[in-house]
There are 2 protein chains.
Amino acid sequence: MSRLFVVGTGPGDIQLVAPKARAAIQASTDLVAYGLYLNLLGEVCDGKNHHDLPLGEEINRARLALDLAASGKTTALISSGDIGIYAMATLVFELLDQQLQGKENHPEWLDVQIEVIPGISAMQAGASRVGALLGHDFCTISLSDLLTPWETIEKRIHSAGTGDFVVSFYNPVSKKRDWQLNHARDILLQYRPASTPVLLGRQLTREDESVRIITLDQLDAKDVDMFTLVSVGNSESRHIVNGSREWVYTPRGYKKKLGVEGSV
Amino acid sequence: MSRLFVVGTGPGDIQLVAPKARAAIQASTDLVAYGLYLNLLGEVCDGKNHHDLPLGEEINRARLALDLAASGKTTALISSGDIGIYAMATLVFELLDQQLQGKENHPEWLDVQIEVIPGISAMQAGASRVGALLGHDFCTISLSDLLTPWETIEKRIHSAGTGDFVVSFYNPVSKKRDWQLNHARDILLQYRPASTPVLLGRQLTREDESVRIITLDQLDAKDVDMFTLVSVGNSESRHIVNGSREWVYTPRGYKKKLGVEGSV
């Protein structure tokens, strides 16, 4: 039987890797992943065949994983975070789709038994480190305009503004892209206060983690890199300071001021 | 030292409970949770003091957890999914905030050392069971209008429509609420095709799990209950069928048709 596990291993902390993800890696002979992720996982990857491809080779990595699995090797395609969120899982199904449409010539892919195992995404790790930033309606927006026109992204940021969603920006900057994040900030400032709390979480849950809480008007791309999650509160999000500890939370609703209380 | 763990235990499958969540429960003497969640967790909860309060008593549950921890008992406040997403974490910080503002009379709460541990949320479990529905920008919207006016929720659904976000509805219906979901469907139908794939995931990753893929125009509140996640694809989400197996995925971007390829 051909098996492919599509596995998210969470933000970095080995203690946040689900047992199911670990078991899938253990059951595999071949691992396809960007090298850095495997280093974080440690000994569970020992004795496996590692297949590494550089960043930017995402489609080829998905192709390789399907090829390996189709050849009879139990394979795990691995990424950090949730592999279903802005990550490799969707590429596997894009390739299957292409094959089903006759645009690829790999009928053997269709016999691969695929299982996707979710992981904790960066926005969740970030929110937990500062309290409960995702306590009410939220959205995620990728600022990468390589596959999506900037006009579409810009429209989406306006929608996040009108809807007053908590917004987590994925791919906020890259080596080649640095202006989008400041542009996004300026759009959101049309809809919510300059004092809105913003989380900058770098290398979340990893040894060199840094977590900063700033305000929306202080957000600047120069303080952000590829390893940074940027989450912007909604108009009701609160930044509170208790001695040396500070927190950000987003209340559950908009009726609180009226003293209304209740459940779902 | 006063310690409070605020712990999300994922969608239900014990294999998706992070080791960090399990360790926090093990380190606690007192567990505050809706009883059903503890049943799912099994033996890790044995020998602990269980504090159960009925659904609807959310604020009192958070209060109890802070009180227990402040009294010196290492305590875990537990919910399924991610406790930071539409769940108990935000109530703990609301109470702290009230205390900091002098609106509560529990200065001892401020000495509690709080740690939030995220978990895999229902939308992630659902997306993984059908492929990669969350492969591109997405949002979550709670349809509960007990704490948020319906006008605010309605506006947000329109924003999800204009932004073409994949939308996951939390609290889609309850015993007392049944009309909001159909209303939300009708709004989204103004923005995306009737054929848009929709996931109905009930009791995800649990023994009695059921997963259905329907189209947006087929979505009806009568097929949905409190244990069902409803996730609606964006205008590009694809439903593909490979023999007896079907999948839904959302492609990474909007330039694919042009043949553009690349990375972040």
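The chains referred to below are lettered A, B, ... by the order of the sequence lines, with proteins before strands, and numbering in each begins at 1.
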_Spacing of A/Met123 atom CE and B/Ile85 atom CD1 [to the nearest 0.5 Å]_ = 5.5 Å
*Considering only heavy atoms, which portion of A/Arg22 lies under 4.5 Å from any heavy atom of chain B: side chain, backbone, both, or neither?*
neither
*side-chain contact (heavy atoms from CB on, under 4.5 Å) between A/Ile141 and B/Phe165: does it pass, once the steps are laid out?*
CA-CA 9 Å; A/Ile141 298 177; B/Phe165 290 98; 3.8 Å; yes
_Inter-residue atom distance A/Asn242.CG - B/Trp109.CH2, 0.5 Å rounding_ = 12.5 Å
*Can you say whether B/Gln101 sits under 4.5 Å from chain A via the side chain, the backbone, both, or neither, judging by heavy atoms?*
side chain
*Under 3.5 Å: donor-acceptor pair, side chain of B/Thr90, backbone of A/Thr250*: yes
*Under a 4.5 Å heavy-atom cut-off, does chain B meet the side chain of A/Leu133, its backbone, both or neither?*
neither
*asked:* When you compare the side chain of B/Arg252 with that of A/Glu94, does any pair of heavy atoms fall below 4.5 Å?
replied: yes
_Contact winner vs chain A - B/Ser128, B/Ser121, B/Ala132, heavy-atom pairs under 4.5 Å_ = B/Ser128
_If we ignore hydrogens and angles and just use 3.5 Å, is the side chain of A/Gln124 paired with the main-chain N or O of B/Gly119 as donor and acceptor?_
yes
*Among A/Ser142, A/Gly161, A/Ala18, A/Cys139, residue most engaged with chain B (heavy-atom pairs, under 4.5 Å)*: A/Cys139
*If you count heavy-atom pairs under 4.5 Å between each of B/Ala23, B/Gly10, B/Ala160, B/Gly135 and chain A, which one has the most?*
B/Gly135
*Residues in side-chain contact (heavy atoms from CB on, under 4.5 Å) contact with A/Thr205, at least two apart in sequence or another chain*: A/Pro11, A/Asp13, A/Leu16, A/Ala125, A/Glu209
*Minimum heavy-atom distance between B/Ile120 and A/Pro118, given as atom pair plus value*: CD1-O, 3.4 Å
*Between B/Arg156 and A/Asp164, is there a donor-acceptor pair closer than 3.5 Å when you use the side chain of the first and the backbone of the second?*
yes
*Side-chain contact test, heavy atoms from C-beta onward, threshold under 4.5 Å: evaluate it for B/Tyr170 versus A/Asp137 and give yes or no.*
no
*So which part of A/Val92 gets closer than 4.5 Å to some heavy atom of chain B, the side chain, the backbone, both or neither?*
neither
_Tell me whether A/Arg129 at atom CZ has more than 12 heavy atoms from other residues, nucleotides or ligands lying less than 6.0 Å away._
no
_Over 60° means perpendicular and under 30° means parallel, so tell me whether B/Phe138 and A/Phe138 are parallel, tilted or perpendicular._
perpendicular
*Would you call the rings of A/Tyr86 and B/His136 parallel, tilted or perpendicular if under 30° counts as parallel and over 60° as perpendicular?*
perpendicular
_Structural part of B/Asp97 lying under 4.5 Å from a heavy atom of chain A_ = both
*Kindly indicate whether the side chain of A/Ile114, heavy atoms from C-beta on, has any atom under 4.5 Å from the side chain of B/Trp247.*
yes
*Contact origin within A/Leu110 toward chain B - heavy atom pairs under 4.5 Å*: both
_Out of A/Ala89, A/Ala127, A/Gly131, return the one with the most heavy atom pairs under 4.5 angstrom to chain B._
A/Gly131
_Option that, when pairs with chain A are counted at under 4.5 Å, heavy atom only, ranks first among B/Ile14, B/Ile240, B/Val241, B/Val17_ = B/Ile240
